[in-house]
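Basis for what follows: all heavy atoms, side chains included, without hydrogens, waters or symmetry-related copies.
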Amino acid sequence: MEAQIKAHAAEIGFAACGIARADAAPAAGARLRQWLEEGRHGSMLWMEERAHHRESPAGLWPEVRSVIALGMSYAPAADPLALADAGEVGRISVYAQGADYHDLIKRKLKELARWLVSVAPDAGVKVFVDTAPVMEKPLSEAAGLGWQGKHTNLVSRSHGSWLFLGAIYTTLDLEPDAARRSTCGSCEACQTACPTQAFPAPYRLDARRCISYLTIEHKGAIPSEFRAAMGNRIYGCDDCLAVCPWNKFAAAAQANMAFAPRAELAAPELADLLALDDASFRQVFSGSPIKRIGRDRMARNCLIAAGNSGSAALVEPVAALLDDPAPEVRGSAAWALRRLDPARWQAERESRVAGESDPEVLGEWR
């Protein structure tokens with residue numbers, strides 16, 4: 001049965017498949033509780049609210065006996081760091097440049113689950129991909145897909161850092177695979193690459209300092225201490241993944257072509273993104289995971305990138321958003337304008353402070 005599961009998973013596009021007992025990662029729950037108690041999850045309150053479900057598979061579904069852990073490669077063909085110095089262009093994390101992985105992987109998980117029930121009619125199954133309280137990384141490590149590296153993400157000997165993870169919980173008693181041991185050794189490439197020092201220690205992440213969290217999950221203004229370090233990253237950050245030496249084994253040819261980058265998202269012009277209203281934002285990012293952050297948060301991120309660009313060509317697109325209805329957009333526009341054109345900022349300041357009611361926006365002008 002185990003061999004059949006893995007063979008069928010490979011046939012439908014999964015690059016990695018392993019099996020773990022449902023109770024195979026007991027330490028993960030304790031690490032999660034400590035992380036939450038330290039407040040390192042920031043404003044992601046659902047992590048607290050469903051922690052009792054997330055701590056173990058049985059906490060979510062008491063009948064589960066085995067976990068089938070699956071990975072789908074999205075190894076990029078181009079260097080994710082190639083646009084680091086392209087100031088007028090926004091950098092989008094590799095995983096978000098193509099189709100929404102949730103949709104494709106969930107379809108594939110359901111396909112595999114249907115096949116499993118067809119050969120084992122008494123099997124109960126549930127499928128999960130990222131949107132449920134499931135500890136995919138510890139379970140994938142226990143199932144032998146890889147190990148959690150010092151950046152806390154899964155690292156595979158075959159696919160490096162570029163794996164989307166999903167899981168099938170089942171009531172079947174399946175033979176588990178051997179867990180992978182960490183082979184990070186003394187390497188600290190991911191730790192030193194982080195622009196905002198989001199790793200207080202190896203294997204520990206403070207989400208509140210992470211650019212992926214700041215650009216995607218964080219609401220309101222970006223804390224000023226992180227803005228310059230964000231550079232031109234407007235959705236997510238790949239730095240800690242991209243520098244991992246194990247990626248030399250992650251061939252882009254193994255990646256699912258459904259995740260190939262859309263041309264307009266591989267190197268989007270900041271000026272074009274700053275001009276989007278809500279309707280055009282939804283049109284441009286239709287079918288993309290980026291759509292869920294909404295136009296205002298994307299405009300905020302692009303304004304930070306514009307302020308870091310040093311480009312005079314972006315002064316007018318930035319100034320056009322000084323009157324935006326969203327406070328986080330107005331405030332970010334004021335910050336960006338001051339970086340790009342201090343004299344223009346001073347002139348605008350004199351006419352705007354009296355009419356501004358939002359305290360955070362006033363703080364940017366003052």
Who are the ring-ring contact (aromatic ring centres under 6.0 Å, His included) partners of [X], not counting sequence neighbours?
X	result
W115	H8
Y95	Y101
Y203	none

Going by an N to O cut-off under 4.0 Å, is there a salt bridge joining [X] and [Y]?
X	Y	value
E328	R297	no
E217	R292	yes
R91	D239	yes
R352	D323	yes
R295	D324	yes

Salt bridge (Lys or Arg N to Asp or Glu O under 4.0 Å): pairs with one or both residues in residues 60-88, sequence neighbours excluded: R65-D173
Pairs meeting criterion salt bridge (Lys or Arg N to Asp or Glu O under 4.0 Å) with involvement of residues 187-213, two or more places apart: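 Passing the test, one end in residues 187-213: E38-R204, R40-D206, D206-R208, R209-E225.
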[X] side chain to [Y] backbone, donor-acceptor under 3.5 Å:
X	Y	answer
W46	A51	no
T170	G124	yes
R233	M230	yes
N247	L241	yes
Q191	K150	yes
N232	A86	yes
N301	T215	yes
E136	V129	no
S351	E348	yes
E141	Q148	yes

Within the structure provided, determine whether [X] and [Y] are in side-chain contact (heavy-atom separation under 4.5 Å).
X	Y	answer
C17	I68	yes
H218	R300	yes
V155	C244	yes
F199	H151	yes
V94	Y74	yes
C187	P245	yes
L276	L273	yes
V125	T171	no

CA sep, side-chain torsions, deciding dist, call: M47, W35, side-chain contact (heavy atoms from CB on, under 4.5 Å): CA-CA 10 Å; M47 301 288 287; W35 187 71; 3.5 Å; yes
Of all pairs that satisfy ring pair (Phe, Tyr, Trp, His ring centres under 6.0 Å), the ones with a partner from residues 284-311, not counting sequence neighbours: F281-F285
Heavy-atom neighbours of K6 NZ exceed 12 at 6.0 Å: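 Result for NZ/K6: enclosed.
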Heavy-atom neighbours of Q346 CD exceed 12 at 6.0 Å: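 Buried by this count: over 12 neighbours within 6.0 Å.
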Euclidean distance, [Y] [atom2] relative to [X] [atom1], rounded to 0.5 Å:
X	Y	atom1	atom2	answer
E11	K108	CD	NZ	11.0 Å
M298	L274	CE	CG	10.5 Å
C237	I92	SG	CD1	13.0 Å
F164	N256	CZ	CG	9.5 Å
L322	E356	CG	CD	10.0 Å
H102	R107	NE2	CZ	13.0 Å

Counterpart residues, side-chain hydrogen bond (donor to acceptor under 3.5 Å, both in side chains), relative to E269 (two or more places apart): none
E316: partners by side-chain hydrogen bond (donor to acceptor under 3.5 Å, both in side chains), with sequence neighbours left out: R344
Do the side chains of [X] and [Y] join up, straight or via other hydrophobic residues, at under 4.5 Å, putting them in one cluster?
X	Y	value
L112	L163	no
W335	L314	no
I304	V329	no
I290	L303	yes
I19	I168	yes

Residues that, via side-chain heavy atoms closer than 4.5 angstrom, fall in one hydrophobic cluster with V67: L60, W61, V64, F128, V134, L139, Y169
Transitive ILVMFWY cluster of L81, excluding itself - 4.5 Å side-chain cut-off: V243
Salt bridge (charged side-chain N to carboxylate O under 4.0 Å, His left out) involving E264 - partner list, sequence neighbours excluded: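 In terms of salt bridge (charged side-chain N to carboxylate O under 4.0 Å, His left out), with neighbours along the sequence ignored, E264 is linked to R262.
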With sequence neighbours excluded, residues passing salt bridge (charged side-chain N to carboxylate O under 4.0 Å, His left out) with R114: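 R114 satisfies salt bridge (charged side-chain N to carboxylate O under 4.0 Å, His left out) with no residue once adjacent residues are dropped.
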Where S288 and L265 come nearest, the two heavy atoms and their spacing: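 Result for this residue pair: OG-CD1, 4.3 Å.
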Nearest atoms (heavy-atom pairs only) where R31 meets P138: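 The pair with the smallest heavy-atom distance is NH2-CG, 4.1 Å.
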Among R349, R330, R339, R227, salt bridge (Lys or Arg N to Asp or Glu O under 4.0 Å) partner for E364: R227
From CA spacing to verdict: side-chain contact (heavy atoms from CB on, under 4.5 Å), L165, L70: CA-CA 6 Å; L165 302 177; L70 297 130; over 6 Å; no
Validation row, ring centre W246 to ring centre W162 under 6.0 Å: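 For W246 and W162, the ring centres are not under 6.0 Å apart.
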Check against side-chain hydrogen bond (donor to acceptor under 3.5 Å, both in side chains), S93 and D238: CA-CA 6 Å; S93 185; D238 291 319; 2.7 Å; yes
Donor + acceptor pair across side chains of Y213, S43 (<3.5 Å): yes
